[in-house]
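Shown next, in structure tokens, is the structure this report addresses.
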Amino acid sequence: MMPQLVIRLFPAHDYDLAATLRSGQAFRWKCAENGWTGVISGRWVRLRSTGTSVEAEALAPADDWTWLTHYLQTDVALEEVLRGFPGDEPMQSAVAACRGLRLLRQDPWECLASFILSSTKQILQIQQIVANLCECYGQPVVVPAGEPAAWAFPSPARLASVTETELRACKMGFRAPYLLEAARRTAAGELDLTELGKAPLDVARGRLMELPGVGRKIADCVLLFAYGFQSAFPVDVWVLKALRQLYFPRRRRVTPRQIQQFVDEHFGPYAGYAQQYLFHYMRVARPRMD
DNA sequence: GCCCAGGTGAAGC
DNA sequence: GCTTCACATGGG
């Protein structure tokens, strides 16, 4: 017998669900006319925005919704975050263009694995690779009648049990050995992703960067999107372009060193949020301004 | 065909 | 130290 669909409202001011789910933090959300569907912690869920709330549909039993509110971070007071941003013109423009953009709090393994697969790939292609991976190696999850099949993100142990060749069949190319090694170390307990969240930022970053294929950028994505280290500031090609154009206009040769120093000093206690606003602003609100 | 994509590691000065 | 290049794959 099919479990029952349960609907629930979560009050959330200034929550732009579409911007948040499309902003390159998470790669598994599908947009349909009646909402966004995805899988969180092995549960199927559909989300809609009502303007002042996020409406969620999930399958009973669903008395405890912390798996969802924690993921969506609906309890974060966005005004306080925005007040912590620097008052410069670029940040104000980014906030005006991306009002309601939020940071999610994702599962560390899914986040780590996904960003290992992200290097020199467009977001659309990352989504496709992750979908391939879940369909091949993830556990099927229960979905409402009439909904397309869905899968949980595959566990480290499951991925550690397959070959590099099998992973390459998911179209991840040269990233396959990196993902495999991360899965092996995690499954073997050499890397404890739960403990990492309790460590200081620098220690956690260092541990992640011990993994082959994980450098500063991918480590910072995991620190920010999965562990909530709010000062982690991933610098990718888009953010680099934003920083150069908006903060170092007509300056030839700004070194990575100078960029990093500026980032560390300029963006304040919610630097990670500021980074996400700059990223989304460059990608969506300022198309083709080179 | 060419260039680029939420990078990283190895090899070359 | 810093720059250059290969790495798979697909879209514009």
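Here is how names work: the chains are called A, B, and so on, in the same order as the sequence lines, proteins then strands, and each is numbered from 1.
For C:dG12, the base has no donor-acceptor partner in the side chain of A:Q122 [N/O atoms by modelled type, under 3.5 angstrom]. Residue-to-nucleotide contacts include no donor-acceptor pair under 3.5 Å from the side chain of A:Q128 to the base of C:dG11. The base of B:dT8 is not paired with the side chain of A:K217 by any donor and acceptor separated by under 3.5 Å.
Residue contacts shown for A:P212 are limited to sugar-phosphate atoms, with no base heavy atom under 4.0 Å away. Within the nucleic acid shown, A:F27 has no heavy atom closer than 4.0 Å to any nucleic acid atom. Using a 4.0 Å heavy-atom distance criterion, A:G215 is classed as a sugar-phosphate-only contact.
Across residues 165-173 of chain A, A:R168, A:K171, A:G173 each have a non-hydrogen atom less than 4.0 Å from an atom of DNA chain C (numbered order).
The side chain of A:Q125 approaches C:dG11 more closely than any other nucleotide in the set B:dT8, C:dG11, C:dA8.
Contact annotation: the side chain of A:F267 approaches that of A:P86 to within less than 4.5 Å [non-hydrogen atoms, C-beta and beyond]. Contact of the A:L124 side chain with the A:Q127 side chain is registered, since non-hydrogen atoms from C-beta on lie closer than 4.5 Å.
Position along DNA chain B of the nearest nucleotide to A:S118 versus A:V214 favours A:S118 as the more 5'-ward residue.
Atom CD of A:Q258 has more than 12 heavy atoms from other residues, nucleotides or ligands within 6.0 Å.
For the OP1/OP2 pair of B:dG7 and a distance below 4.0 Å, the side-chain nitrogens and oxygens of A:R175 include no atom meeting the criterion.
Listed by first and then second residue, the salt bridge (charged side-chain N to carboxylate O under 4.0 Å, His left out) pairs involving residues 110-132 of chain A are A:R28-A:E110 (not counting sequence neighbours).
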